Amino acid sequence: MSTTTTTEPATVFTPSADTLGAVLAREARPPRPGALSASVTFGWRAILKIKHVPEQLFDVTAFPIIMTLMFTYLFGGALAGSTREYLQFLLPGIMVTSVVMITMYTGVGLNTDIEKGVFDRFRTLPVWRPAALVGMIFGDVLRYILAATTIMVVGLILGFRPAGGVTGVLAGVGLLVVFSFAFSWIWTMFGLFLRSEKSVMGVSMLVLFPLTFLSNVFVDPGTMPGWLQAFVEVNPITHLVAAVRALMAGDWDTGETMWVLAASAVLVLVFGPLTMRLYNRKGAR
């Protein structure tokens with residue numbers, strides 16, 4: 001006995017002309033986000049990365065505290081006779097040193113995102129081309145402010161008393177953040193140029209150590225040999241420390257402040273276009 005199975009043909013749905021017209025109807029595209037809006041969005045992405053990986057805050061919390069305590073108690077008694085007196089001189093400088101060193105992580109983070117292919121996806125978005133880079137640095141500005149705040153709190157606990165008051169401290173931190181934002185463009189360029197994050201970190205440390213230690217951060221340059229003083233006097237970190245130190249002391253040194261602002265503008269004007277050129281060339285490969 002045989003059993004015959006009858007298979008009914010599948011029902012084919014044919015959309016009507018009205019349905020097709022409704023689906024394919026052209027609607028007004030949403031407006032393209034502006035440069036600032038796109039940059040802020042990418043900056044928020046950088047902040048969310050910190051939220052999901054809070055260990056990233058180690059370099060802006062523990063590192064500044066260690067730097068402040070170590071140099072205060074290591075050099076304070078020998079150079080100033082007491083740690084409290086030395087702290088009045090050291091703290092603005094150690095704040096500059098800590099925040100400027102943190103800027104190198106901008107290039108390291110960028111290089112990591114490039115290696116993972118994240119920035120290849122960003123380049124396909126219909127947004128202002130530099131938004132991803134600018135937003136990434138915007139996000140790092142929060143790290144600079146957090147590091148400066150951490151050092152100031154530790155300094156106040158140890159006995160630092162800025163004669164310039166709250167206004168002087170805020171002005172000094174603001175100037176430091178402006179310079180650090182501009183300085184970050186150097187490491188952004190290296191993050192695009194070098195092949196690995198270890199290379200970026202190695203080159204960054206090679207540049208940062210002479211700039212931060214061969215300056216007026218720890219001692220008065222007048223005690224240095226003449227040939228070393230020549231380097232210290234043209235070192236941008238020296239001018240930044242002098243400006244921040246003066247602002248926190250209530251002595252608004254207009255000359256040093258304008259020098260730092262001018263140097264910040266030059267850094268952005270020089271390394272910003274170089275970074276974008278490398279960014280575009282990398283996307284064309």
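Please read these numbers as outputs of a predicted model, since none were measured by experiment.
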Could you grab the distance from atom [atom1] of [X] to atom [atom2] of [Y], nearest 0.5 Å is fine?
| X | Y | atom1 | atom2 | value |
| --- | --- | --- | --- | --- |
| L208 | M104 | CG | CE | 7.0 Å |
| T72 | L90 | OG1 | CG | 4.5 Å |
| M136 | L110 | CE | CG | 4.5 Å |
| T212 | L240 | OG1 | CG | 11.5 Å |
| M67 | T150 | CE | OG1 | 13.5 Å |

Could you tell me if the side chain of [Y] sits less than 4.5 Å from the side chain of [X], heavy atoms only?
| X | Y | value |
| --- | --- | --- |
| D220 | N216 | no |
| R84 | F160 | no |
| T83 | L87 | no |
| S98 | T68 | no |
| W252 | T167 | yes |
| V96 | R245 | no |
| M152 | L91 | yes |
| R195 | N111 | no |

How far apart are the C-alpha atoms of L158 and Y73, what are their side-chain angles, what is the distance that settles it, and do they pass the side chain to side chain contact (heavy atoms under 4.5 Å, CB included) test?
-> CA-CA 11 Å; L158 295 179; Y73 290 102; 3.5 Å; yes
Closest approach of [X] to [Y] (non-hydrogen atoms, all atoms of both residues):
| X | Y | value |
| --- | --- | --- |
| G191 | V200 | CA-CG2, 3.9 Å |
| V241 | G93 | CG1-CA, 3.9 Å |
| I151 | I94 | CD1-O, 3.9 Å |
| V173 | A148 | CG1-CB, 4.0 Å |
| A132 | Y279 | CB-OH, 4.3 Å |
| V244 | P92 | CG1-CB, 4.2 Å |

May I ask whether [X] and [Y] are part of the same hydrophobic cluster, defined by side-chain heavy atoms of I, L, V, M, F, W, Y residues being less than 4.5 angstrom apart, directly or through others?
| X | Y | value |
| --- | --- | --- |
| F271 | L269 | no |
| W227 | L211 | yes |
| I237 | L228 | yes |
| L156 | I66 | no |
| L74 | F89 | yes |

Can you name the ring-ring contact (aromatic ring centres under 6.0 Å, His included) partners of F213, sequence neighbours left out?
-> F209, F218
For residues 174-188, tabulate all N or O donor-acceptor pairs below 3.5 Å that involve a side-chain atom, not counting sequence neighbours.
residue	atom	partner	partner atom	Å
S180	OG	L176	O	2.8
S184	OG	Y144	OH	2.5
S184	OG	S180	O	2.7
W187	NE1	T103	OG1	3.0
T188	OG1	S184	O	2.9

Regarding N235 and S215, is there a side-chain donor-to-acceptor distance under 3.5 Å anywhere?
-> no
Evaluation steps, side chain to side chain contact (heavy atoms under 4.5 Å, CB included), between S204 and F190 | CA-CA 9 Å; S204 302; F190 279 120; 5.7 Å; no
Test item: Q229 side-chain N/O and M224 main-chain N/O as donor-acceptor pair under 3.5 Å |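 Present.
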Quick check: does any side chain N or O of R143 sit under 3.5 Å from a backbone N or O of I102, one acting as donor and the other as acceptor?
-> no
For residues 254-263, which side-chain N or O atoms pair as donor and acceptor with protein atoms under 3.5 Å away, sequence neighbours left out?
residue	atom	partner	partner atom	Å
E256	OE1	H239	ND1	2.8
T257	OG1	D253	O	2.9

